[in-house]
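All of these numbers come straight from a predicted model, not from anything done at the bench. In what follows, every chain begins at residue 1, and chains take the letters A, B, ... in the order their sequences are listed.
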Amino acid sequence: MLEIARIRENKEAIIELLKVRNFDGAPLIEKILKADENWRSSKTKLENVLAESNGIAKQIGQLFREGKQVEANEAKAKGAALKEEEKVLNDEVGGFAKELQELLFEVPNVPHPSVPQGNSDEENEVIDTPDTLPEKKDFWLPHWELAKKYDLIDFELGVKVTGAGFPFYKGKGARLQRALINFFLDEARDAGYQEIIPPFVVNENSGYGTGQLPDKEGQMYHDAKDDLYLIPTAEVPLTNMYRDVLLKEKDFPIKLTGYTPCFRREAGSYGSHVRGLNRLHQFDKVELVRIEHPNNSYAVLDEMTAYVQGLLKKLGLPYRTLRLCGGDLGFTSALTYDLEVYSVGQDKWLEVSSISNFETFQANRLKLRFKDEQNKKQLAHTLNGSALALPRILATLLENNQSEDGIEIPEVLVPYTGFDKI
RNA sequence: GGAGAAUUGGCAGAGUGGUCGAAUGCGGUAGUCUUGAAAACUAUUGUACCGCAAGGUACCGGGGGUUCGAAUCCCUCAUUCUCCGCCA
């Protein structure tokens, strides 16, 4: 959520930058400024009435103490009359406040100036890609066939026990998955991240804090009985650890990592996109979260991107780096880099990580602030990135390392798996 | 799940309808004293919003209500503690 003060002061610049998202912000911004004005003017009126009525109440107390019953009763009648006025104004203020809030929720984050204009993922900017891709081999299989051939993952069993998108990992498939989780967590720890095991369900406030609510409500599994949401990513509980927190400048950098399963309803997905491990309702992910000084957040974004690229290098997976265009940029993000791994079995690029700077967009909702050198309170910047999402890593690992007589395990993983070949 | 008690400023802890944004102590900040530090003493010290300002409004776990007036009374929810039940 953008700060209202920022909208007041930088209206034109914001409208201009939102165009990069193909978002015509002008009508919405105008409505917001109007609602803001209405809110402030009725609030002033209300506060004047309250001030008067507080004054009368004080007088009444005084009059009673002095034993002046008659005057007190007169004042009481006056106070009661003001109550009516107060009620009307109070409703008015509440109405404008609600309107303003709802309108503000509709404005996406302002893209960073480096974000390219574009309508869809086809216009994302490729900023780093391998010189050559692996040469095509006749025996190459997509991972779902490899999974079946070596009995690593059972999709049908998942359908029986739960539903589509909830696979069973078995034997070496399960162990490889667990090895990857441990590898990623150890790497993150070595890079200075504190490991967290958060709750896998969160309350409504947390959903609002990171921006899943209200606009992605349908993407989360919701337990109506206790009004809790299954997390779609560890970002939600990790970032919400710092909801309503006032930091000191010396608390930076805050570097958190956590492994969690992630639950997504993925309503509306279909076809080859959901084949095999490509898109699941439950998957594992190791996430990085950073809370940083605004001056530093873009350097941190680059650092995080380089870190995740390093993981892919260690695993020997061919990857490319994209700067998301305005049309593909997430609602809450100002700048996002996606990392994609080339899947030889499917002959396509699969997104395995998304690294974003949210600037103050989440911090504003979270009330996540710090005291600067002048002892003034400022919103912090939040960032996060997958490091990494497991299913597509597993898929591309199986596909890219296959030969006619098995699948090679990357050297860095062998200490974790306990086997070097499937 | 059942019964009882509690929830006040950074912390501890008063306050049961008007003089309470809230005593007092600790802590924090500034100063006096000191070669320096400690101790002592003095002053100061919550947050958010509206307003150019003066100033105003709101906040005593959250929400709602009674009243001219609520930290204080009522309803409701949450959390914590104690006891019982259940349980990895």
Side-chain angles (χ1 to χ4, degrees), chain A residues 1-9 32-105 197-209 213-214 222-229 237 240-251 261 360 362-380:
Chain A
M1 187 169 70
L2 297 181
E3 300 99 287
I4 183 69
R6 185 172 164 198
I7 295 177
R8 270 187 225 137
E9 286 156 27
I32 285 171
L33 291 174
K34 188 74 201 151
D36 178 49
E37 216 178 290
N38 288 337
W39 173 72
R40 282 190 288 168
S41 90
S42 27
K43 189 178 153 86
T44 304
K45 278 189 229 158
L46 172 66
E47 289 185 352
N48 287 338
V49 172
L50 283 172
E52 196 181 338
S53 128
N54 284 345
I56 290 172
K58 260 189 191 136
Q59 278 174 34
I60 293 171
Q62 185 67 31
L63 291 169
F64 270 124
R65 249 170 289 127
E66 290 167 4
K68 297 179 179 164
Q69 287 291 335
V70 180
E71 286 96 324
N73 283 329
E74 274 169 21
K76 256 177 137 171
K78 225 162 102 190
L82 276 178
K83 268 226 108 159
E84 283 309 303
E85 208 176 328
E86 191 185 311
K87 208 171 139 65
V88 172
L89 281 167
N90 196 37
D91 289 349
E92 201 177 295
V93 171
F96 286 133
K98 187 163 175 257
E99 186 191 347
L100 180 60
Q101 178 69 201
E102 279 165 5
L103 289 169
L104 282 171
F105 275 142
I197 300 178
F200 300 160
V201 292
V202 294
N203 59 29
E204 194 183 18
N205 278 342
S206 295
Y208 276 97
L213 295 174
H222 180 222
D223 167 27
K225 203 157 190 171
D226 292 311
D227 199 15
L228 295 171
Y229 295 85
N240 272 283
M241 288 167 68
Y242 286 85
R243 173 150 49 85
D244 291 316
V245 167
L246 182 61
L247 297 165
K248 299 187 183 72
E249 229 171 283
K250 67 173 165 60
D251 294 330
T360 58
Q362 290 182 329
N364 186 35
R365 289 197 193 181
L366 292 161
K367 287 209 201 69
L368 165 47
R369 299 169 303 169
F370 69 98
K371 274 194 176 174
D372 64 19
E373 293 111 325
Q374 283 88 45
N375 230 19
K376 286 185 64 174
K377 284 162 193 157
Q378 280 192 51
L379 292 170

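Residues satisfying the side chain to side chain contact (heavy atoms under 4.5 Å, CB included) criterion with A:Lys367, sequence neighbours excluded, are A:Asp244. Every residue meeting the side chain to side chain donor-acceptor pair (under 3.5 Å) condition with A:Lys68, not counting sequence neighbours, appears here in chain and number order: A:Glu66. Listed by chain and number, the residues in a side chain to side chain contact (heavy atoms under 4.5 Å, CB included) with A:Leu50 are A:Leu46, A:Glu86 (sequence neighbours excluded). When the side chain to side chain contact (heavy atoms under 4.5 Å, CB included) test is applied to A:Pro214, the partners found at least two apart in sequence or on another chain are A:Phe105, A:Tyr208, A:Arg365. Applying the side chain to side chain donor-acceptor pair (under 3.5 Å) rule to A:Asp372 yields the partners A:Gln378; only residues at least two apart in sequence or on another chain are considered. Take A:Asn364 and apply the side chain to side chain donor-acceptor pair (under 3.5 Å) test, not counting sequence neighbours, and it matches no residue. Partners of A:Phe64 under the side chain to side chain contact (heavy atoms under 4.5 Å, CB included) rule, at least two apart in sequence or in another chain, are A:Ile60, A:Gln69, A:Ala72.
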Please determine whether salt bridge (charged side-chain N to carboxylate O under 4.0 Å, His left out) holds for the pair A:Lys87 and A:Asp91, giving the CA-CA distance in whole Å, both sets of side-chain angles, and the decisive distance to 0.1 Å.
CA-CA 6 Å; A:Lys87 208 171 139 65; A:Asp91 289 349; 5.2 Å; no

Go through the steps for A:Lys78 and A:Glu74 under the test salt bridge (charged side-chain N to carboxylate O under 4.0 Å, His left out), then give the verdict.
CA-CA 7 Å; A:Lys78 225 162 102 190; A:Glu74 274 169 21; over 6 Å; no

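As rounded to the nearest Å, B:U79 and B:A22 have C1' atoms that lie 24 Å from one another. Spacing between B:C11 and B:U66 at atom P, rounded to whole Å, works out to 33 Å. Taking the P atoms as reference points, B:U82 lies 22 Å from B:G9, given to the whole Å. Using atom C1' as the reference point in both B:C81 and B:G61, the two lie 15 Å apart (nearest Å). To the nearest whole angstrom, the two P atoms, one in B:A5 and one in B:C59, are 27 Å apart. Here, B:A3 and B:A88 have their P atoms 25 Å apart, quoted to the whole Å. B:G17 and B:C60 are spaced 15 Å apart, taking the C1' atom of each and rounding to whole Å. Comparing B:A48 with B:C84, their P atoms sit 45 Å apart, to the nearest whole Å.
Applying the Watson-Crick and G-U wobble criteria (two distances, each under 3.5 Å), B:U16 pairs with nothing in any strand. Base pairing analysis places B:G1 opposite B:C84; the two distances defining the Watson-Crick or G-U wobble pair are each below 3.5 Å. When both distances must be under 3.5 Å, the Watson-Crick or G-U wobble mate of B:G51 does not exist. Base pairing analysis places B:U72 opposite nothing; no Watson-Crick or G-U wobble pair with both distances below 3.5 Å involves it. Judged by Watson-Crick or G-U wobble contacts below 3.5 Å, the nucleotide B:A30 has B:U42 as its partner. Across all strands shown, B:C60 forms no Watson-Crick or G-U wobble pair with both distances under 3.5 Å. When both distances must be under 3.5 Å, the Watson-Crick or G-U wobble mate of B:A37 does not exist. B:U67 makes up no base pair with any nucleotide shown, lacking Watson-Crick or G-U wobble contacts both under 3.5 Å.
Nucleic acid contact class of A:Lys83 (heavy atoms, under 4.0 Å, all strands): base. Among the atoms of the strands shown, none is found under 4.0 Å from any heavy atom of A:Lys367. Nucleic acid contact for A:Ile60: base, since at least one base atom lies under 4.0 Å from a heavy atom of the residue. Within the nucleic acid shown, A:Asn54 comes within 4.0 Å of sugar-phosphate atoms alone, with no base atom in reach, counting heavy atoms only.
Side-chain N or O atoms of A:Asn73 include none that pairs as donor or acceptor with a backbone N or O of A:Val70 at under 3.5 Å.
Scanning residues 87-104 of chain A for heavy-atom distances under 4.0 Å to RNA chain B yields an empty list.
In terms of position on RNA chain B, the residue among A:Gly61 and A:Ala51 whose nearest nucleotide sits closer to the 5' end is A:Gly61. Projected onto RNA chain B by closest heavy-atom contact, A:Arg65 and A:Glu52 fall at different nucleotides, the more 5' of which corresponds to A:Arg65.
Taking each heavy atom of A:Ser42 and A:Asn38 in turn, the nearest pair found is OG-O, 2.7 Å.
Chain A approaches RNA chain B over the interval B:G18 to B:G69, counting the first and last nucleotide 5' to 3' with an atom under 4.0 Å from its heavy atoms.
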